[in-house]
Amino acid sequence: MRRLARTLGILGGSTLLTLGLTQSANAAVGNLHLGQRVITDPARWSCHTGGALNLIVHNYTNSPVVVFDQPACAGNVIGIVGPVSNGFFPRGWSVRVMQ
């Protein structure tokens with residue numbers, strides 16, 4: 001009985017560690033701040049619209065973000081904010097999380 005309880009405890013603990021501590025391969029880890037909006041663990045390749053003009057980006061993720069001058073990540077690329085970096089874009093409107 002002792003041996004069975006120990007085996008089940010080890011299996012249960014390793015399962016919890018495996019499932020609970022891993023991050024999704026499709027998500028950037030961290031927070032992305034667009035003005036007053038905070039996106040936690042944004043999906044890679046996802047697009048987020050901040051607001052019309054004067055976009056402030058605080059990228060506290062492990063992925064760079066590309067800044068666009070139109071909503072829905074359309075228009076021209078006007079900048080890139082690297083991981084754990086900040087940026088101010090007077091004509092910025094939306095961002096796409098990269099790989």
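Note that the numbering runs from 1 along the sequence shown for the chain.
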Tell me, please, which residues at least two apart from Gln99 pass side chain to side chain contact (heavy atoms under 4.5 Å, CB included). Arg44, Trp45
Do the non-hydrogen side-chain atoms of Val29 and Thr61 ever get within less than 4.5 Å of each other? no
In terms of hydrophobic clustering (I, L, V, M, F, W, Y; side-chain heavy atoms under 4.5 Å; direct or indirect links), are Met98 and Phe68 co-clustered? yes
Identify the heavy atoms of Leu55 and Ser94 that sit nearest to each other, and give their distance. CD2-N, 4.1 Å
Contact list for residues 77-90, test salt bridge (Lys or Arg N to Asp or Glu O under 4.0 Å), sequence neighbours left out: none
One should read off an interatomic distance between Arg37 CZ and His48 NE2, to the nearest 0.5 angstrom, of 6.5 Å
Do Val95 and Val66 pass the side-chain contact (heavy atoms from CB on, under 4.5 Å) test, and can you show the C-alpha distance, the side-chain angles, and the key distance before you say yes or no? CA-CA 5 Å; Val95 299; Val66 177; over 6 Å; no
If you take all heavy atoms of Ile39 and Leu34, which pair is closest and at what distance? CD1-CD1, 4.0 Å
Passing option when Leu32 is tested against Val97, Val38, Thr40, Asp41 for side chain to side chain contact (heavy atoms under 4.5 Å, CB included): Val97
Show which side-chain atoms of residues 71-91 pair as donor or acceptor with protein atoms under 3.5 Å away, not counting sequence neighbours.
unit_1	atom_1	unit_2	atom_2	d
Asn76	ND2	Asp69	OD2	3.4
Ser85	OG	Pro83	O	3.3
Asn86	OD1	His58	ND1	2.6

Return the CD to OG1 distance between Gln70 and Thr49, rounded to the nearest 0.5 Å. 10.5 Å
